[in-house]
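Data first, discussion second: the structure below is written as structure tokens.
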There are 2 protein chains.
Amino acid sequence: MSPEPQTGSASRIAADLRAAIADGRFGPGAKLPTVRDLTEQYGVSRNTASKAIAQLAAEGLITTRYGSGAYVRETHQVRHVGPHRYARSRWAATTTEAHQDESNNGDTITRQGGQTQTVNRVPADERVAAALGVEVGAEVVERDRLMTSDDTPTHTMTSYYRPEDVDGTAIVDPRPGIAGRGGGYAILAERGLEPQRMVEDLFARMPTTEEAERLKLPPGEPVVEVHRITRTAEGRVVEYAEGVHAASRFVWSYPFDIPD
Amino acid sequence: MSPEPQTGSASRIAADLRAAIADGRFGPGAKLPTVRDLTEQYGVSRNTASKAIAQLAAEGLITTRYGSGAYVRETHQVRHVGPHRYARSRWAATTTEAHQDESNNGDTITRQGGQTQTVNRVPADERVAAALGVEVGAEVVERDRLMTSDDTPTHTMTSYYRPEDVDGTAIVDPRPGIAGRGGGYAILAERGLEPQRMVEDLFARMPTTEEAERLKLPPGEPVVEVHRITRTAEGRVVEYAEGVHAASRFVWSYPFDIPD
DNA sequence: TAGTGGTCTAGACCACTTC
DNA sequence: AAGTGGTCTAGACCACTAA
């Protein structure tokens with residue numbers, strides 16, 4: 001595929017608008033000319049003007065509101081996340097009341113301040129099995145959360161545990177927040193499975209349509225997938241988690257010493 | 001922007017093809033039906049069929065070759081990169097012949113096996129200044145590289161140094177490869193500026209059109225931007241680098257201990 | 001030269017927002 | 001009801017590829 005084999009009116013209009021946004025003629029939140037305006041101004045068909053707008057939307061520069069107009073995207077706050085977010089001091093103080101409410105188990109969906117959560121028993125897929133050191137298809141506990149900030153979803157986080165590690169603890173309590181902060185590490189620690197070491201793998205890609213819907217992603221927003229393995233000091237894996245993050249809301253930060 | 005306010009034929013065709021690719025009816029490298037084929041099969045206009053193809057291309061699932069057809073994207077090899085790539089053992093053995101060829105300085109572009117490089121003196125922008133601890137606008141040495149694997153670019157890496165740290169060393173030699181491996185850390189070490197500690201910041205976004213061109217990115221491929229600060233054991237910053245990576249070619253891996 | 005992807009026009013209808 | 005974005009058709013021309 002050659003890069004821009006034909007540069008037509010659409011790209012030209014897009015370029016003009018892009019420049020206008022870049023040098024502030026349209027600030028964040030500003031309304032762009034309507035498709036019909038552009039049609040007139042540039043003497044092109046509706047189709048072409050529409051394509052220019054769609055192009056900018058795909059780049060994540062603008063957002064279109066159906067029936068209303070196209071607007072320069074607001075720059076929202078970016079969260080800097082580093083190893084510190086897992087610090088012991090953050091979960092040492094967490095309440096850890098154990099719950100055994102078996103009747104309230106299963107795929108109940110619950111909601112509470114900032115996150116939605118489901119807890120389930122599912123067969124382990126390949127990645128999960130490899131990480132937790134169980135057979136493919138073996139039953140594991142899945143804790144699926146959708147994290148929200150200011151009413152907009154920021155990321156999903158799906159944790160997997162070996163059933164014997166978490167049964168009877170608050171982790172299998174579907175009510176969110178109970179085992180929410182620290183990913184329930186305090187609870188694991190109480191069971192003699194104190195987390196000590198982690199490995200995070202990250203990569204970026206475009207979202208699937210389902211993810212775009214769940215995270216309410218504007219077109220043109222990539223996601224960052226994070227795979228996290230948590231081990232005890234002895235090297236036993238106590239949690240495997242997969243997160244899907246709206247790319248524009250996070251910066252990951254990792255400090256490390258140069259190895260020998 | 002509502003998610004999929006109207007689901008028309010184009011999305012439907014795209015969904016069909018997506019499913020066909022997913023379950024292997026079209027394997028990697030396979031040629032998809034032509035736009036004109038789809039026009040007939042689905043009884044839609046060329047425009048609509050074309051849109052379906054463009055949609056899949058934007059998702060990064062397929063690649064279109066002008067005048068030839070649309071093909072399922074080959075899955076290329078993914079590089080797993082971790083702190084180990086900076087290991088001392090990797091640059092301890094590097095050749096470090098110093099070069100003083102002032103006449104060959106400036107923005108000469110040189111090429112050699114796997115990377116293209118330019119070395120320049122530029123005024124520090126805000127990020128560079130903050131990282132290196134110099135004034136904005138102060139002169140710094142910029143070493144800009146384009147890394148290639150199998151004739152396709154994988155990432156750019158732009159390093160910044162304080163002039164007094166690198167003048168007269170092979171780092172300012174525009175010929176690539178000389179100070180290539182290890183980012184010239186051996187050279188810094190010889191000057192008593194041995195790198196010891198790093199911080200990497202990562203985030204993903206869609207590429208600018210310039211980046212898409214330089215990295216030969218297919219539409220729908222995000223980039224991961226990496227900012228790296230390298231310090232000596234004493235905490236002195238010796239290098240600040242910014243990389244732009246084709247997202248689909250890398251997985252970053254970071255191990256760390258849970259902090260207190 | 002034939003086939004293919006990329007772009008465009010002109011006109012139409014629909015879905016949603018705003019008043 | 002008016003305005004706006006989203007989608008579609010039918011037909012056209014252009015740019016590139018491959019034989």
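As a basis for the values below, the full set of heavy atoms in this structure was taken, side chains included, without hydrogen atoms, waters or symmetry mates. Chain identifiers are assigned alphabetically (A, B, ...) following the order of the sequence lines, protein sequences preceding nucleic acid strands; residue numbering begins at 1 within each chain.
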Figure out the [atom1]/[atom2] separation between [X] and [N], and round it to whole Å.
| X | N | atom1 | atom2 | result |
| --- | --- | --- | --- | --- |
| A:Asp37 | D:dG3 | CG | P | 12 Å |
| B:Ile62 | C:dG6 | CD1 | C1' | 13 Å |
| B:Lys51 | D:dA10 | NZ | C1' | 15 Å |
| B:Gln55 | D:dG6 | CD | P | 13 Å |
| A:Asn47 | C:dC8 | CG | P | 9 Å |
| B:Ile13 | C:dG5 | CD1 | P | 13 Å |
| B:Lys31 | D:dT17 | NZ | P | 14 Å |
| B:Leu56 | C:dG5 | CG | P | 13 Å |

Check whether the side chain of B:Arg36 and the base of C:dG5 form a donor-acceptor pair under 3.5 Å.
yes
query = When all nucleic acid strands are considered with a 4.0 Å heavy-atom cut-off, which category describes B:Ala54: base, sugar-phosphate, or nothing?
reply = nothing
Measuring to OP1 and OP2 of [N], would you say a side-chain N or O of [X] lies under 4.0 angstrom away?
| X | N | value |
| --- | --- | --- |
| A:Ser9 | C:dC8 | yes |
| B:Ser68 | D:dT17 | no |
| B:Thr48 | D:dT9 | yes |
| B:Thr64 | C:dT4 | no |

Is any side-chain N of the basic residue among B:Lys216 and B:Glu221 closer than 4.0 Å to the acidic one's carboxylate O? no
Q.
Check this for me, if you would: do B:Lys31 and B:Asp37 make a salt bridge, where the nitrogen-to-carboxylate-oxygen distance has to be below 4.0 angstrom?
A. no
Quiz item: What orientation do A:His245 and A:Trp252 show, parallel under 30°, tilted 30 to 60°, or perpendicular over 60°?
Solution: perpendicular
Sorted by position of nearest nucleotide on DNA chain D, 5' first, the leading residue of A:Arg46 and B:Gly43 is A:Arg46
On DNA chain C, more 5' by nearest nucleotide between B:Leu32 and A:Tyr71 is B:Leu32
Of the candidates D:dC8, C:dG5, D:dG5, the side chain of B:Thr34 sits closest to C:dG5
| task | Kindly indicate, with the supporting measurements, whether the criterion side-chain contact (heavy atoms from CB on, under 4.5 Å) is fulfilled by A:Arg228 and A:Met157. | result | CA-CA 10 Å; A:Arg228 183 179 76 220; A:Met157 186 54 72; 4.2 Å; yes
Margin query: Let's go through B:Leu32 and B:Leu38 carefully: what are the C-alpha distance in whole Å and the side-chain angles of both, what is the deciding distance for side-chain contact (heavy atoms from CB on, under 4.5 Å) to 0.1 Å, and is it a yes or a no?
Written below: CA-CA 10 Å; B:Leu32 293 178; B:Leu38 294 172; over 6 Å; no
